[in-house]
Engineer: 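One structure, as C-alpha cells, below. Some questions next.
In what follows, every heavy atom counts, from backbone to side chain, and hydrogens, waters and symmetry copies are set aside. Lettering of chains follows the sequences in order, A, B, ..., and the numbering in each one begins at 1.
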Amino acid sequence: MHVVLSSVPDGVLLTPLTDDGDAIPAADATAPLRTVTTVPRAALSAFVANLEESHPRWVWDDTSAWYPALLADGVRVERCVDLRLNHAILRLSSQTAGSSLARSPYGPWDIAAATAQTPASHTALFDIFDDEPEVDAAADPVAELRLQKAALATAPESGSLGLLLAAESAGALIAAEMRFAGLPWSVDRHNDLLTELLGPRPRAGERPAKLEAVLARVREELEAPELNPDSPNDLLRALRRAGLIVSSTRSWELKKLEHGSIPPLLEYKKMSRLLAANGWHWLDTWIDDGRFRPDYVPGGVVTGRWATSGGGALQLPKQIRGAVVPDPGWKLIVADAAQLEPRILTGLSADKRMAEAGRGDLYEGIVASGAVATRAEAKVAMLGAMYGATSGDGGRLMPRLAKAFPQAIAVVEAAARAGERGEIVSTRLGRSSPPPGGLWWAAQGEGNDVAASEADQQRARGQARSWGRFTRNFIVQGSAAEWALCWMAGLRNRLWAMADGDLTERPHLVFFLHDEVVVHAPEHLADRVAEEVRAAAADAGRLLFGRMPVDFPVTVAIVESYADAK
DNA sequence: TACCCCAGCGCG
DNA sequence: AAAGCGCGCTGGGGTA
C-alpha cells in the first residue's frame, strides 16, 4: 500500500492507494487505511507510527520537509517515495524521454532539481526558466505519483530505473536519519587537537600563537613586515619582491621553490586553513550537544552523489577526525569500499580481465596483468582513464591500460565521445547526464562555421573535450553513487533488524562520504555490524550487476575514533 | 550593508 | 606529481 501525504489547511491529508497508484477498491476490507483521511498536524506522528506496522510506502513531496518532525517524535519509517527527487531523475532519464512527465512543462516538481544545479555550470535545466518558477501550492502529489508511475512504465529497463528511484528515496530517509542522530563529536578532543596544532584558543580577532610565530618568520624572510598572508595579491607581490618567480600562491607551486620563506609559509597555509574551516568558530557553530548535524542533500550533485550544505561535512579534514568518538560503551564502525570507481567500471563494461585483476587489490592486479610496473602507476593510469587525463603521468600511462583492458576502457572512451558530440549518457541504473547548455552549442556552431577563426575552432574543440570528460566521468561516478545508495539502503535495513528500540538505540548510520560509511553501534554488536556492512556491499554489487562476477571488497575498522580508521 | 566573484584548499 | 572528474567553504576584494 502507498499512503500519500499532503498539507491541507486543517492538517495533513492521507490518501491510501494500491501499489499501482489506484484508489483502494471498496471491496478490499484488508487495507489498513481505506479512505482519504485528514489528520491534525499534532496527531500525524502517532497516526504514521500506527500505520507503519503494515509497512506502507509513504509518498511525499520532499523527505526533508516531512521526515524530521516524525523522527523527532520517535517515528522511523521503512520506505518512502520522495517525489521531487524521483521527478528529477525521470525528467532527465533517456529511458523516460517520451513520457508525459518528461514532455510536461517545467513546474513545481522541477524546482528542487533546478535550484540544486544553478551554482554549477550545468545550467541546462535552469535555462528553461525566465525567472524563478512559481511554487504551485496546488501541486498534487497523487497526480504526480501517477505521472511518475506512468513514466516508469515507459522505460525499457523499468526494473533498473525503479530500483534507482527506490534507492534515491531510501537515501533521502537515511539523510534525514543521519542528521537526526548526528555524528558523535567530542568538543574537548577537537579543542585539544586545535590547541596542539595551532596553540590555545586566541581572543576574538587574534591569530593563535603558532600561526603568529610562523607568520613572523615568513615576514622576516620576505622582509615584508606588513604582509597579509591571507591576501593572495599581497603575498604574490611579496614573493616576487623577494626575487621568486611564481604565477600563483598555490601550495603545490610554492613547494617547488627554494627560499627561506617557503617552509614557514606552507606551515602557515596549512594551519590557517584548519583555523578558518574547522577551528573554534566551526566548533561553536556546528557542534551541538556532542553531535555534528550537517544538512545532507541527496541528489545534490548532477551525477547523483550527495552534497551537503553547511558545515562542510564532506570535507572533514583528516586532521580533526580524532574528534569523532563514539558514546561510552559504543563503537564506530568505519567502512570504505576499496577502489570503488574502477570496480564500477569493471561492472559497466563486463570486462572479465579487469574483474579478474580485481579479485584482490585491483591496482596490484593490474600490475600483475603486466600493463604497468607499479601499483602507483596502476592507480594514476586508472584515474586517468576515468577522468580523461590528456597529459602528465595519467595521460602517458592510460594507453597501456587500454591495451590490457580494451573492453573496460572502450566504455569510458565511448562516453567521452558521446559527450563531445553533445549526446546524453546514462549510469547503470538509468540516471542521465544533463544536456550541454546553450552556450556550449553556440560555441560548437561557431567553431564549425565555414568562416570560423582558428580561435573559434579551438574554443569549440576545447569545450567539446571538456564536456566529454564530464560525460566520461559521469557514468562512473554516477553508477558508483548508485552502488553506494544500494549499499546504504541495504545496510540501513540490516542495522534496524539487529536490535530493538528507537533509531539511536540500535546500530545506526551516522556518516556517509561517497564510498565510505560510519555506523555508531553498541560495542557488543560491533563485530556483527562489520559483517552486515560486508554483506550489504555484496548485495549492492548484485543489485547493479547481477551475476557479473565483480567483487566489491570493503575495508572495515571498529574504532574508538574516526581518526583510527586507516 | 549586502551581495558577487575569485583564489585556494579540504574531501571523494 | 600537478593534469584530468565531482563538490562546499572561507577570506579577500570588488561592486551596488
Side-chain angles (χ1 to χ4, degrees), chain A residues 116-122 207 228-236 246-256 265-266 268-279 281-282 285-286 294-297 299-321 336-342 344-345 376-377 379-398 412 415-416 419 425 427 433-434 462 465-481 483-484 511-517 562:
Chain A
Q117 290 183 18
T118 34
S121 51
H122 310 113
R207 286 194 179 88
N228 175 5
D230 301 318
S231 164
N233 265 334
D234 201 12
L235 184 55
L236 198 57
V246 276
S247 60
S248 77
T249 65
R250 293 186 183 97
S251 290
W252 65 263
E253 193 178 346
L254 298 180
K255 274 176 195 153
K256 296 188 291 199
L265 179 53
L266 292 172
Y268 176 87
K269 279 175 158 281
K270 190 83 182 160
M271 288 193 244
S272 137
R273 164 76 195 189
L274 177 63
L275 175 68
N278 299 97
H281 183 250
W282 182 92
T285 309
W286 290 104
D295 191 4
Y296 297 97
V297 187
V301 179
V302 269
T303 58
R305 273 187 173 185
W306 286 16
T308 55
S309 127
L314 302 185
Q315 308 138 255
L316 290 179
K318 301 208 162 145
Q319 287 166 303
I320 55 150
R321 293 188 181 183
D336 176 295
Q339 303 134 7
L340 178 58
E341 292 195 348
I344 290 293
L345 176 56
E377 283 187 342
K379 188 171 179 175
V380 168
M382 205 61 232
L383 290 175
M386 292 185 303
Y387 294 164
T390 54
S391 63
D393 286 347
R396 185 170 56 81
L397 293 167
M398 201 261 269
V412 275
V425 298
T427 59
S433 62
R465 292 202 180 119
S466 172
W467 196 258
R469 287 192 300 274
F470 165 63
T471 51
R472 168 198 292 269
N473 188 247
F474 183 94
I475 60 167
V476 179
Q477 187 182 119
S479 301
W483 182 91
F511 197 55
F512 169 54
L513 193 55
H514 307 311
D515 60 358
E516 183 178 334
V517 296
Y562 192 10

Engineer: Report yes if at least one side-chain N or O of A:K318 is closer than 4.0 Å to OP1 or OP2 of B:dG12; otherwise report no.
Structural biologist: yes

Engineer: Can you list everything that forms a side-chain hydrogen bond (donor to acceptor under 3.5 Å, both in side chains) with A:D515? Sequence neighbours excluded, please.
Structural biologist: none

Engineer: Report which part of the nucleic acid A:R321 touches: base, sugar-phosphate, or nothing (heavy-atom distance under 4.0 Å, all strands).
Structural biologist: sugar-phosphate

Engineer: Looking at C:dG11, C:dG6, B:dG8, which one has an atom nearest to any side-chain atom of A:R273?
Structural biologist: B:dG8

Engineer: Looking at every heavy atom in both A:H514 and A:W306, which two are closest together, and how far apart are they?
Structural biologist: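 Looks like CE1-O, 3.9 Å.
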
Engineer: Between A:E253 (CD) and B:dG8 (C1'), how many Å, whole number?
Structural biologist: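 The answer, rounded to whole Å, is 12 Å.
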
Engineer: Do NZ/NE/NH1/NH2 and the carboxylate oxygens of A:E253 and A:K269 come within less than 4.0 Å?
Structural biologist: no

Engineer: When you compare the protein's N or O atoms with those of nucleotides 3-5 of chain B, which come within less than 3.5 Å of each other, and at what distance?
Structural biologist:
none

Engineer: Could you give the CH2-to-P distance, from A:W483 to B:dG12, as a whole number of Å?
Structural biologist: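 Rounded to whole Å, this separation is 16 Å.
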
Engineer: Rounded to whole angstrom units, what separation is found between the CH2 atom of A:W467 and the C1' atom of C:dG4?
Structural biologist: 16 Å

Engineer: Around atom CZ of A:R207, are there more than 12 heavy atoms from other residues, nucleotides or ligands closer than 6.0 Å?
Structural biologist: yes

Engineer: For A:G394, which contact category applies under a 4.0 Å heavy-atom criterion: base, sugar-phosphate, or nothing?
Structural biologist: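 The answer is nothing, as A:G394 stays clear of every strand by at least 4.0 Å.
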
Engineer: Hey, does A:G395 reach any base, or is it just sugar-phosphate, or nothing, if we go heavy atoms under 4.0 Å?
Structural biologist: nothing

Engineer: How long is the line joining CD of A:E341 and C1' of B:dC11, in whole Å?
Structural biologist: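 Result: 13 Å.
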
Engineer: Do the side chains of A:P434 and A:F470 get nearer than 4.5 Å, heavy atoms only?
Structural biologist: yes

Engineer: Considering only side-chain heavy atoms of A:S231, which listed nucleotide, C:dG11, C:dG13, B:dG10, is closest?
Structural biologist: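 Shortest atom-to-atom distance from the side chain points to C:dG13.
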
Engineer: Think A:K269 has a side-chain N or O under 4.0 angstrom from the OP1 or OP2 of B:dG8?
Structural biologist: no

Engineer: For the residue pair A:L345 and A:V412, what are the closest heavy atoms and their distance?
Structural biologist: CD1-CG1, 3.9 Å

Engineer: Just to be sure I understand: a Watson-Crick pair is purine N1 to pyrimidine N3 plus N6-O4 or O6-N4, both under 3.5 Å. Using that and G-U wobbles, which stems of three or more pairs involve DNA chain C?
Structural biologist: B:1-12 with C:5-16

Engineer: Tell whether A:R305 reaches the base of B:dG12 with its side chain through a donor-acceptor pair below 3.5 angstrom.
Structural biologist: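 Between B:dG12 and A:R305, which were checked side chain against base, a qualifying N/O pair under 3.5 Å is present.
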
Engineer: From the options C:dG6, C:dG4, B:dC9, select the nucleotide whose nearest atom is closest to the side chain of A:S251.
Structural biologist: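 It is B:dC9.
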
Engineer: Could you tell me the separation between the CG atom of A:L383 and the P atom of C:dG4, rounded to a whole number of Å?
Structural biologist: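 It works out to 14 Å between those atoms.
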
Engineer: Given C:dG11, C:dC5, B:dA7, identify the nucleotide with an atom nearest to the side chain of A:P232.
Structural biologist: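 Per side-chain heavy atoms of A:P232, the pick is B:dA7.
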
Engineer: Atom CH2 of A:W286 to atom C1' of B:dG10: distance rounded to whole Å?
Structural biologist: 16 Å

Engineer: Determine the contact category for A:G312: base if any of its heavy atoms lies under 4.0 Å from a base atom, sugar-phosphate if only primed atoms, P, OP1 or OP2 are that close, otherwise nothing.
Structural biologist: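 It contacts sugar-phosphate atoms only.
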
Engineer: Of the nucleotides C:dG6, C:dG8, B:dG8, which has the atom closest to the A:V301 side chain?
Structural biologist: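 In terms of side-chain proximity for A:V301, the closest of C:dG6, C:dG8, B:dG8 is C:dG6.
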
Engineer: Rounded to whole angstrom units, what separation is found between the CG atom of A:L274 and the P atom of C:dG11?
Structural biologist: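 Value for this atom pair: 13 Å.
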
Engineer: Could you work out the separation of C:dG4 and B:dG12 based on their P atoms and round it to a whole Å?
Structural biologist: 22 Å

Engineer: Which is true for A:D230 with a 4.0 Å heavy-atom rule: it touches a base, it touches only sugar-phosphate, or it touches nothing?
Structural biologist: sugar-phosphate

Engineer: How many whole angstroms separate atom OH of A:Y387 from atom C1' of C:dA2?
Structural biologist: 14 Å

